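Note that the structure is a prediction, hence the values are computed from the model and not measured. Order of appearance sets the numbers: ligands from 1, and atoms from 1 within every ligand.
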Amino acid sequence: MSLYCGIACRRKSFWSYRLLSTYVTKSRYLFELKEDDDACKKAQQTGAFYLFHSLAPLLQKSEHQYQAPKHSLLELERLLAKFGQDTQRIEDSVLIGCSEQHEAWFALDLGLNSSSSINASLQKPEMETELKGSFMELRKALFQLNTKDASLLSTAQALLRWHDSHQFCSRSGQPTKKNMAGSKRVCPSNKIIYYPQMAPVVITLVSDGTRCLLARQSSFPKGMYSALAGFCDIGESLEEAVRREVAEEVGLEVERLQYSASQHWPFPNSSLMIACHATVKSGQTEIQVNLRELEAAGWFSHDEVATALRRNNPYTQQQNGTFWLPPKLAIAHQLIKEWVEKPNCSTLPA
Ligand SMILES: NC(=O)c1ccc[n+]([C@@H]2O[C@H](COP(=O)([O-])OP(=O)(O)OC[C@H]3O[C@@H](n4cnc5c(N)ncnc54)[C@H](O)[C@@H]3O)[C@@H](O)[C@H]2O)c1
Ligand SMILES: [Mg+2]
């Protein structure tokens with residue numbers, strides 16, 4: 001190697017090191033674990049496991065706060081041995097992320113029937129005692145956790161649910177096999193690959209310039225109103241889905257719309273919520289509620305919505321007979337908050 005080449009190479013590695021941010025190296029590490037089963041298996045040795053039981057995550061309470069505990073591979077093996085389970089069950093775990101120091105994070109459900117373990121559901125109460133925590137329904141758990149853990153557990157549950165419901169090939173009827181990371185399943189007989197899926201859903205906050213339109217379904221908790229939401233039909237663009245959903249649900253025509261943000265939503269199955277602001281033509285604001293979809297819908301003034309946002313306890317609101325809005329975690333809340341802060345935010349023609 002010439003002196004020049006030595007300098008050039010050193011400079012190159014210096015710049016590579018400088019240019020690859022923590023985020024980039026982390027993303028590439030996760031990509032490698034999804035592609036390479038051996039690398040993923042190796043990552044389990046030093047990784048950490050979040051535990052679920054029948055899709056309910058394990059939480060522990062310390063003082064007034066809940067947290068999602070992580071377990072090492074060794075702790076998990078000891079736990080399975082204690083409950084007479086085959087450690088092969090660990091192969092059902094799915095990769096859900098990693099720390100900046102590349103500690104890989106996995107999720108494993110100890111309650112679902114397993115394809116790699118003949119012995120199915122473990123005893124929940126006994127497990128909870130042993131783990132000094134409780135398996136909490138995800139909807140409740142999300143409100144007890146910080147945003148980072150809530151998002152991680154949502155991803156974990158969505159992936160565990162998808163694997164649980166995609167164990168057979170829809171063409172051959174044969175059992176499919178997951179890769180180590182759980183980023184896909186393959187049918188051994190015809191090699192069809194199945195990838196985890198999310199259904200795109202548009203959620204739209206309609207405004208007439210001064211008021212915003214909120215609606216409720218009969219399945220919503222009592223008193224809660226939200227923005228209009230609906231699944232995208234096959235072949236539709238985001239814009240077409242917004243126009244159709246608003247027309248279908250409240251009988252109005254969207255004139256302009258503006259994309260705001262998106263969010264993965266695990267209920268009832270995985271959805272990609274795509275949030276937009278929309279305006280309707282002035283003078284064409286008479287709502288015709290589609291009662292097959294909604295229980296009620298109405299226009300709310302800026303003051304009414306701003307006051308509802310400031311109230312934060314749905315239970316006291318119900319007692320007062322006032323309406324309340326989705327919790328902070330939901331993208332609907334962000335959309336409504338955005339409108340309250342900037343009611344005249346510019347929108348594009350639909
Ligand atoms: N994160 C949030 O802030 C937030 C707020 C509101 C709604 N949401 C979610 O948005 C989703 C869609 O809202 P919606 O219920 O008003 O939708 P919607 O208006 O499309 O009505 C639901 C109906 O659409 C049909 N449908 C079409 N494709 C479907 C699919 N892929 N999965 C299930 N049903 C399908 C079914 O007949 C179903 O009854 C809900 O699941 C809800 O959880 C999230
Ligand atoms: Mg709807």
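- By the criterion of a heavy-atom distance under 4.0 Å, the side chain of Val201, and not its backbone, is placed next to ligand 1.
- Neither the backbone nor the side chain of Glu248 comes within contact range of ligand 1; no heavy atom lies under 4.0 Å.
- The Mg ion (ligand 2) has Ala229 O, Glu249 OE2 as its protein N, O or S neighbours under 2.8 Å.
- Under the 4.0 angstrom criterion for non-hydrogen atoms, His333 is not in contact with ligand 1.
- Environment of NZ in Lys337: sparse, with no more than 12 heavy atoms of neighbouring residues, nucleotides or ligands closer than 6.0 Å.
- In terms of protein heavy atoms, atom 44 (C) of ligand 1 is closest to Met273 CE, 3.3 Å.
- Atom 18 (P) of ligand 1 has as its closest protein heavy atom Gly230 CA, 3.6 Å.
- In this structure, atom 30 (C) of ligand 1 is in close contact with the protein, since a protein heavy atom lies within 4.0 Å of it.
- Polar contact with ligand 1: present for Phe231 (N/O pair, distance under 3.5 Å).
- Between the side chain of Arg185 and the main chain of Thr176, a donor-acceptor pair closer than 3.5 Å is present.
- Under the 30°/60° scheme for interplanar angles, the aromatic rings of Tyr225 and Phe323 are found to stand perpendicular.
- Residue contact check: Ala332 has heavy atoms under 4.0 Å from atoms 3 (O) of ligand 1.
- The closest protein non-hydrogen atom to atom 14 (P) of ligand 1 is Gln217 NE2, 3.5 Å.
- The aromatic rings of Phe267 and Trp265 sit perpendicular, their planes meeting at an angle over 60°, well past the 30° parallel limit.
- Looking at Ile203 against ligand 1, only its side chain comes within 4.0 Å, counting heavy atoms.
- Counted within 6.0 Å of NZ on Lys26, heavy atoms from surrounding residues, nucleotides or ligands total more than 12; the atom is thus considered enclosed.
- A ring-centre distance under 6.0 Å is not found for His71 and Phe49.
- The distance criterion of under 3.5 Å between nitrogen or oxygen atoms is not met by Ser226 with respect to ligand 1.
- Nearest non-hydrogen protein atom to atom 21 (O) of ligand 1 is Glu293 OE1, 3.7 Å.
- Within a 6.0 Å radius of CD in Glu248, more than 12 heavy atoms belonging to other residues, nucleotides or ligands are found.
- Interatomic distance, Lys124 NZ to Leu58 CG, rounded to the nearest 0.5 Å: 10.5 Å.
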* Asked: Would Asp208 and Arg211 count as a salt bridge (Lys or Arg N to Asp or Glu O under 4.0 Å) if you check the C-alpha gap in whole Å, the side-chain angles of each, and the deciding distance to 0.1 Å?
  -> CA-CA 6 Å; Asp208 69 351; Arg211 303 171 297 171; 2.8 Å; yes
* Asked: Would Asp303 and Thr307 satisfy side-chain hydrogen bond (donor to acceptor under 3.5 Å, both in side chains), going step by step from the backbone distance to the final call?
  -> CA-CA 6 Å; Asp303 275 0; Thr307 310; over 6 Å; no
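- Less than 4.0 angstrom separates some heavy atom of Gln263 from each of these atoms of ligand 1: 1 (N).
- Formation of a donor-acceptor pair under 3.5 Å by the Lys191 side chain with backbone atoms of Pro188 is found in this model.
- For atom 19 (O) of ligand 1, the nearest protein heavy atom (residue, atom name, distance) is Glu249 OE2, 2.7 Å.
- Atoms of ligand 1 lying under 4.0 Å from at least one heavy atom of Phe267, given by number and element, are 41 (O), 43 (O).
- Atom CD of Gln65 is surrounded by 12 or fewer heavy atoms from other residues, nucleotides or ligands within 6.0 Å.
- At a distance under 4.0 Å, no protein heavy atom can be found next to atom 38 (C) of ligand 1.
- For ligand 1, the polar-atom distance check finds no N/O of Ser271 at less than 3.5 Å from any of the ligand's N/O atoms.
- Using a 4.0 Å threshold on non-hydrogen atoms, atom 16 (O) of ligand 1 counts as touching the protein.
- Of the protein's non-hydrogen atoms, Ala229 CB, 3.6 Å is the one closest to atom 13 (O) of ligand 1.
- With a 6.0 Å radius and a threshold of 12 heavy atoms from other residues, nucleotides or ligands, Glu128 has its CD atom above the threshold.
- With Ser207 contributing its side chain and Gly209 its backbone, the two residues share a donor-acceptor pair below 3.5 Å.
- A salt bridge between Lys41 and Glu91 is present, with a side-chain N of the basic residue lying under 4.0 Å from a carboxylate O of the acidic one.
- Of the N or O atoms in Ala330, none lie within a sub-3.5 Å distance of an N or O in ligand 1.
- Panel note: side chain Ser134, backbone Met136; no donor-acceptor pair is recorded below 3.5 Å.
- Within the 4.0 Å heavy-atom cutoff, Pro268 counts among the residues contacting ligand 1.
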